[in-house]
S.K.: 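Sharing a structure, written as structure tokens. Questions coming.
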Amino acid sequence: MPELPEVEVVRAGLQRHVLGRTIAGVDVLHPRPVRRDARGSTGFVAALVGQRIDAVRRRGKYFWLALGSGDALLGHLGMSGQMLLKDPGSEDERHLRVRFALEAAAVDGPVEMRFVDQRMFGGLLVSTGGAELPSEIAHIARDPIDPEFDDDLFVSRARRRTSGIKRLLLDQTLISGVGNIYADEALWRSRLHGERPGDRLTGPQLRALLGHVRDVMGAALEQGGTSFDALYVNVNGESGYFDRSLDAYGQEGRPCGRCSTPIRRVAFMNRSSFFCPRCQRPPRR
DNA sequence: AGATCTTCCTGTTGGC
DNA sequence: TGCCAACAGGAAGATC
């Protein structure tokens with residue numbers, strides 16, 4: 001389930017391997033991932049072929065390739081999407097959705113960039129709304145590792161909202177890049193219950209929470225960053241972080257790392273929340 | 001506008 | 001063995 005750290009690993013991997021290359025051909029094998037492109041599969045392909053990749057950028061969980069034309073190839077991995085780099089002619093993945101043939105670079109030969117997505121919550125589109133920040137994601141807030149992220153603005157906006165703090169962390173117009181896993185981890189570290197309303201939290205509590213969001217993401221980024229370099233094809237949204245370092249997410253029944261109380265799981269927005277019922281006391285109703 | 005809920009997808013798992 | 005419900009969940013869109 002790619003969140004900001006996983007997408008950043010993908011962005012860095014793409015920057016290293018596809019920057020400066022030209023797109024020689026595009027093959028859309030399933031229409032679903034291109035559903036948000038205003039001009040459909042045909043227009044999608046036409047806007048990409050012959051374009052040089054000038055930059056690889058990211059905001060929150062979105063990434064994009066800035067093209068020579070001024071357009072951008074904008075992507076989101078959803079929950080199962082991958083961007084893989086493979087030698088041309090390698091066997092197709094079972095859930096291969098879009099194939100991009102990239103021309104040879106100075107030192108390397110041609111390569112295929114492949115969008116693979118089992119569940120197809122992810123998607124790709126060509127944005128004509130600017131390569132600096134595609135218009136389709138103008139509503140997405142800056143993410144917490146963006147140097148221009150405004151802590152004061154986040155705190156003041158969150159303190160005017162009545163929703164629970166976990167909902168606010170997942171609201172990509174307030175802060176981007178945080179998903180279910182890192183929300184639960186940051187709340188556990190902050191000893192905050194996700195249902196605590198934003199307008200009942202103090203500035204210092206919210207600032208500390210931001211610090212924990214950055215810490216947990218930073219730790220994941222370190223591990224993902226190292227695993228990527230070792231394996232050329234691992235431009236895929238797996239950071240390897242899930243196995244060891246989680247204190248709350250997916251830990252139902254396991255003892256809390258601070259107080260040994262069993263971690264609990266509750267239903268939340270068609271998914272799950274994990275928390276320590278002792279360290280993270282629910283608000284009075 | 002803010003809060004909340006539904007919907008889109010497929011593969012795996014577990015209960016009966 | 002087979003069937004079906006539950007589950008994984010980001011974010012757009014609808015509703016109030």
Side-chain angles (χ1 to χ4, degrees), chain A residues 1-8 10 28-38 58-64 74-83 92-98 115-125 127 129 134-144 153-154 156-187 194-201 213 217 220 236-239 241-243 246 248-253 264-274 283 285:
Chain A
M1 289 131 294
E3 301 183 24
L4 185 154
E6 292 74 30
V7 181
E8 173 56 22
V10 169
V28 177
L29 298 148
H30 196 298
R32 173 90 194 153
V34 183
R35 65 192 177 281
R36 286 187 62 200
D37 193 290
R58 182 189 57 74
R59 173 175 283 204
K61 302 170 202 170
Y62 284 93
F63 62 92
W64 64 97
L74 177 65
H76 195 294
L77 300 175
M79 63 182 291
S80 57
Q82 300 174 287
M83 287 293 263
D92 286 2
E93 292 76 11
R94 170 133 85 125
H95 303 293
L96 176 61
R97 308 306 186 188
V98 185
F115 183 70
V116 176
D117 190 7
Q118 178 203 108
R119 284 172 235 185
M120 293 190 291
F121 272 43
L124 300 170
L125 64 84
S127 174
S135 56
E136 288 83 356
I137 58 168
H139 64 290
I140 301 292
R142 290 186 187 276
D143 58 63
L153 180 64
F154 171 79
S156 67
R157 291 182 70 192
R159 292 198 67 203
R160 279 185 260 124
R161 301 278 293 267
T162 60
S163 296
I165 184 59
K166 182 166 177 183
R167 273 181 190 277
L168 301 181
L169 283 177
L170 297 178
D171 182 342
Q172 305 296 303
T173 68
L174 270 183
I175 179 173
S176 67
V178 183
N180 204 35
I181 295 169
Y182 294 108
D184 278 1
E185 291 301 303
L187 289 168
E195 289 171 20
R196 295 276 296 275
D199 63 3
R200 303 288 293 275
L201 294 172
V213 168
M217 284 184 167
N236 65 6
E238 298 278 346
S239 74
Y241 187 65
F242 303 104
D243 306 338
L246 296 177
Y249 181 83
Q251 306 301 305
E252 183 180 20
R264 284 197 52 198
R265 177 172 81 96
V266 296
F268 170 79
M269 289 171 75
N270 283 336
R271 61 206 70 176
S272 297
S273 284
F274 299 88
R285 300 185 57 76

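Here the structure is a predicted model, which is why all the values come from computation and not from measurement.
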S.K.: OP1, OP2 of C:dA8 versus side-chain N and O of A:Ser272: anything below 4.0 Å?
M.R.: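 Looking at the OP1 and OP2 atoms of C:dA8, one of them is under 4.0 Å from a side-chain N or O of A:Ser272.
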S.K.: Kindly write out the residues that satisfy side chain to side chain donor-acceptor pair (under 3.5 Å) with A:Arg167, not counting sequence neighbours, or none if the list is empty.
M.R.: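 By the side chain to side chain donor-acceptor pair (under 3.5 Å) rule, A:Arg167 matches no residue at all.
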S.K.: Would you kindly check whether a donor in the side chain of A:Arg119 faces an acceptor in the base of C:dA8, or vice versa, at under 3.5 angstrom?
M.R.: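 Such a pair exists between side chain and base.
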S.K.: Using a 4.0 Å cut-off on protein heavy atoms (strictly under), produce a 5'-to-3' string for nucleotides 10-16 of chain C with B for base contact, S for backbone-only sugar-phosphate contact, and - for none.
M.R.: BBS----
S.K.: Rounding to a whole Å, what distance do you find between A:His95:NE2 and B:dT10:C1'?
M.R.: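 Atom NE2 in A:His95 sits about 7 Å away from atom C1' in B:dT10.
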S.K.: Could you tell me which residues satisfy side-chain contact (heavy atoms from CB on, under 4.5 Å) with A:Ser273, sequence neighbours excluded, listed by chain and number?
M.R.: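 Once residues adjacent in sequence are excluded, the partners of A:Ser273 under the side-chain contact (heavy atoms from CB on, under 4.5 Å) criterion are A:Lys166, A:Asp184, A:Val266, A:Phe268.
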S.K.: Quick one: list whatever passes side-chain contact (heavy atoms from CB on, under 4.5 Å) with A:Glu136, sequence neighbours left out.
M.R.: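 A:Arg36, A:Leu74, A:Leu125, A:Ser127, A:Pro134.
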S.K.: Do side-chain atoms of A:Arg58 reach the backbone of A:Gly60 as a donor and acceptor pair under 3.5 angstrom?
M.R.: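 Yes; at least one donor-acceptor contact below 3.5 Å.
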S.K.: Please give, in whole Å, the distance from B:dT6 C1' to A:Phe268 CZ?
M.R.: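 The answer, rounded to whole Å, is 15 Å.
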S.K.: Partners of A:Arg160 by side-chain contact (heavy atoms from CB on, under 4.5 Å), sequence neighbours excluded?
M.R.: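 If we apply the side-chain contact (heavy atoms from CB on, under 4.5 Å) test to A:Arg160, skipping adjacent residues, the hits are A:Ser156, A:Arg157.
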S.K.: Sequence neighbours excluded, which residues qualify as side-chain contact (heavy atoms from CB on, under 4.5 Å) partners of A:Arg142?
M.R.: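 Applying side-chain contact (heavy atoms from CB on, under 4.5 Å) to A:Arg142 gives A:Arg59, A:Asp146, A:Glu148, A:Phe149.
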S.K.: Which part of the nucleic acid, if any, lies within reach of A:Arg97 when heavy atoms closer than 4.0 Å are counted: base, sugar-phosphate only, or nothing?
M.R.: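 Counting heavy atoms under 4.0 Å across all strands, no contact is made by A:Arg97.
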S.K.: Does A:Thr162 reach a base, just sugar-phosphate, or nothing at all? Heavy atoms under 4.0 Å.
M.R.: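 Sugar-phosphate only.
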S.K.: Atom CD of A:Gln118 and atom C1' of B:dT12: how far apart are they, to the nearest Å?
M.R.: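 Nearest whole value for this atom pair: 9 Å.
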